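Computation of the quantities below employed the complete heavy-atom set of this structure, encompassing side-chain atoms and omitting hydrogens, waters and symmetry-equivalent molecules. Note that the structure is a prediction, hence the values are computed from the model and not measured. By convention in this document, chain letters (A, B, ...) are assigned in the order of the sequence lines, proteins followed by strands, and residues within each chain are numbered from 1.
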Amino acid sequence: MIIASVISVPQLIVFIVSVAIIAVGGVGLLTARYPVHAALFLVMTLFGVAILFIEEGAEFLAAVQVVVYAGAVVVLFLFVIMLLGVDREELASFAGDTVRVALAGVGVALILAVLFIVATGAWATGADSSAGKLTAGSNVGVLARSVFTTYLLPFELTAALLVIAVVGAVILSRRMVAETAAIEPAHLSERREVQQ
Amino acid sequence: MGNDPLLSGHITWIVVLIVVIKVIVAFIALMISVLLAIWIERKVISDMQNRIGPNRAGPFGILQSLADGIKLFFKEDLVPERSDKFIFKLAPYLSVIPAFITFTLVPVGGIVHIFGHTTELQVADPPIGILLLLAMSSISVYGVMLAGWSSGSKYPLIGSVRASAQMISYEAAMGLSIASVVLLTGSLSTRDMVSQQLGTFFGFIPHWNIIRLGVIPFIVFIVAITAEVNRPPFDLVEAEQELVGGFHTEYSSIRFALFYLAEYMNTITMSAIMVTMFFGGPDGPDPQFLHWLWPIAWFVVKTAIFFFIYVWFRAALPRLRYDQLMDLGWKVLIPVMLVWLLVVAAMRVSRPLGFAMVGLGIIGGLLLYRAIAVGRDRSTARELARPSRAEIEPPQDRREDHGAS
């Protein structure tokens, strides 16, 4: 009855459904026997979280969640799984290994403690909300304004960091090609000849 | 909940009913237009290839796709022995559902009054608007990718790996050209995009985004979207001559029909999205009688024109080779669109700054091109200096694919 006074019935239904999706996805991710199934359960969890974001009025976060995580990151996971051919049954299980089970228990307890801290106060995150109070309708504009004015420096630094990471990845992969060419020059130069 | 005036007040049962009616009408309309689209495509292509095409079922063969659909329903439904059963059955739906959800974003008409309520003629108008298009196009990658993988067979797997690489590559160019439209509109909502394009320049040139943005974002968008929905000339995913049938080789019966349906739903939806983003959506001359009908008619006509252009692409253009496809996406569309996005942003500030940005873009592009050319020459020279196997064996001829479907 306390819950009913805070949120309306449709919101409660949406909340229950999305939490069920998240929970099924999370448990499925851990128990799935094939890596591809695990990745798909991860997508399911991400969708549930996106629904929760929409219910909280954070539509932009929901869209980014689906575009970036479900649309790009997990697709790359799948790509790697398919290309490397590890899409076979995974039999590794640590049921029965007492130390690991105990460590997993400690991990779960820590996560619960963090959740408790986040739920009871705002000191872990600094503020309730950086984008300001949600007015009627969309908060995309408010979010954009705070990202491109107040938080411009962190935003640009993050962008620079990502570019550095991409350039680094390209250089690392190019160097490997160059080394292979040094070992086996004929192969590469043959390809070069053919292209001309 | 969106910008639709229908949903701003108290939500009553009648409001829910209107929303349900809108969903059903949109779904049925899309289904019927898919049936017609398949027939039109086959007829137009056969005209262009100087043959007759379907002409048996109904007048001019117009019921041909209905007959094909019924036939597919009654065919044997095969699930390959080595497939991943659940994902094999799931994949077609992951193709169809995103195609329909994207269509719900499109404004098909103006604002109407029904049952004492005012509503927009589109199924949904969420504040994130066009971002939903990006989200759904990234979900539709799963349909193709999982279909290929779960078939447990070589050619579908190769098709689906190609598909996912292609769709992810072109998503970047597509997102950048959408960003330029969003920059000009100042809103993500598709309804705002359409209402911003009302009116004319000098009284006769329509105030559409294709003119306000320069033509470049539209060209990038139409190329990227053609690759995104795997239509010819970017249908390397299916490439009959090389991959049997690509990702849907192992599919039969109604599951195959679902992929076929998704392809045409996507084509129609993307035509409609292009009309919305660059051609004013339902905007057009409005004689004062039958006020509600004209926007819908203009919208349908414009969408049909774009669908015809897709069919024309299919009949006229040979399929690209895979390296050409990747070069076009990464080395042409993305750099051009990045520079043009800067130009659009500068034009928003002032005209002189905008033209200065055009100049800077051209100079920067030429410098970059020269730098890449110099680097390529040097590395070629370095490799040619090494002893090569080509001196011992003659090089094999490069295989050329002339793909015409």
Side-chain angles (χ1 to χ4, degrees), chain A residues 8 10 32 34 36-37 39-40 43 46-47 50 53-55 57-76 78-83 85 87 89 136-141 143-144 174 177-178 181-182 184-196, chain B residues 1-3 8 11 84 86-87 90 94 98 126-142 145-146 148-150 152 157 160-161 164-165 167-168 171-172 175 182 186-189 323 379-398:
Chain A
S8 63
Y34 297 90
V36 172
H37 290 185
L40 288 181
V43 175
L46 294 171
F47 260 96
F53 276 142
I54 288 177
E55 208 195 1
E59 283 103 351
F60 185 75
L61 274 184
V64 168
Q65 171 99 2
V66 174
V67 173
V68 175
Y69 287 98
V73 174
V74 181
V75 168
L76 287 180
L78 281 176
F79 215 66
V80 172
I81 291 170
M82 289 176 188
L83 280 185
D87 48 349
E89 201 169 342
S138 155
N139 63 347
V140 177
L143 183 72
R174 297 288 287 192
V177 171
E184 198 185 9
H187 171 66
L188 260 186
S189 48
E190 178 192 43
R191 202 194 298 161
R192 194 60 73 185
E193 287 281 305
V194 171
Q195 268 178 3
Q196 281 163 1
Chain B
M1 291 299 280
N3 314 323
S8 56
I11 308 276
D84 188 315
F86 179 70
I87 294 180
L90 178 74
L94 289 179
I128 46 172
I130 205 77
L131 277 182
L132 202 61
L133 164 70
L134 284 177
M136 285 307 126
S137 74
S138 31
I139 295 309
S140 58
V141 178
Y142 282 101
M145 197 170 183
L146 292 175
W149 174 77
S150 66
L157 183 66
S160 74
V161 168
S164 34
M167 285 161 111
I168 292 172
E171 216 161 76
V182 171
S187 163
L188 294 168
S189 153
D323 59 324
S379 64
T380 315
R382 207 184 304 136
E383 270 171 28
L384 285 181
R386 294 203 192 103
S388 95
R389 197 188 292 165
E391 287 162 10
I392 309 163
E393 305 170 356
Q396 286 178 318
D397 280 337
R398 197 181 177 82

Can you name the closest pair of heavy atoms from [X] and [Y] and give their distance?
{"X": "B:A135", "Y": "A:V66", "value": "CB-CG1, 3.6 Å"}
{"X": "A:L78", "Y": "B:L146", "value": "CD1-CD2, 4.3 Å"}
{"X": "B:S138", "Y": "A:G71", "value": "CB-CA, 3.4 Å"}
{"X": "B:S164", "Y": "A:F79", "value": "OG-CE1, 3.2 Å"}

- For A:Y69, enumerate each residue passing the side-chain contact (heavy atoms from CB on, under 4.5 Å) test, keeping only those at least two apart in sequence or located in another chain. A:L46, A:Q65, A:V73
- side-chain contact (heavy atoms from CB on, under 4.5 Å) involving B:A172 - partner list, sequence neighbours excluded: B:I334
- Message: Please classify the contact of B:L132 with chain A as side chain, backbone, both or neither, using a heavy-atom distance under 4.5 Å.
- Response: neither
- Item | B:V141, part contacting chain A, at a heavy-atom distance under 4.5 Å | side chain
- Among the listed options A:A70, A:A50, A:A144, the residue most often paired with chain B at heavy-atom distances under 4.5 Å: A:A70
- Note on the structure: Ranking A:I54, A:V74, A:L76, A:V75 by heavy-atom pairs under 4.5 Å to chain B gives rank one to A:V75
- Item | Stepwise side chain to side chain contact (heavy atoms under 4.5 Å, CB included) test for B:I139 and A:F47 | CA-CA 11 Å; B:I139 295 309; A:F47 260 96; 3.6 Å; yes
- Item | Polar side-chain atom of B:Y142 near backbone of A:L40 as donor-acceptor pair, under 3.5 Å | no
- Task: Please test A:H37 against B:D84 for side chain to side chain contact (heavy atoms under 4.5 Å, CB included), starting from the C-alpha separation and ending with a verdict.
- Result: CA-CA 10 Å; A:H37 290 185; B:D84 188 315; 2.7 Å; yes
- Can you tell which part of A:V43 gets under 4.5 Å to a heavy atom of chain B, answering side chain, backbone, both or neither?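 The side chain, not the backbone.
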- For each of B:I168, B:L157, B:I128, tally heavy-atom pairs with chain A at distances under 4.5 Å, and name the one with the top tally.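 Heavy-atom pairs under 4.5 Å are most numerous for B:I128.
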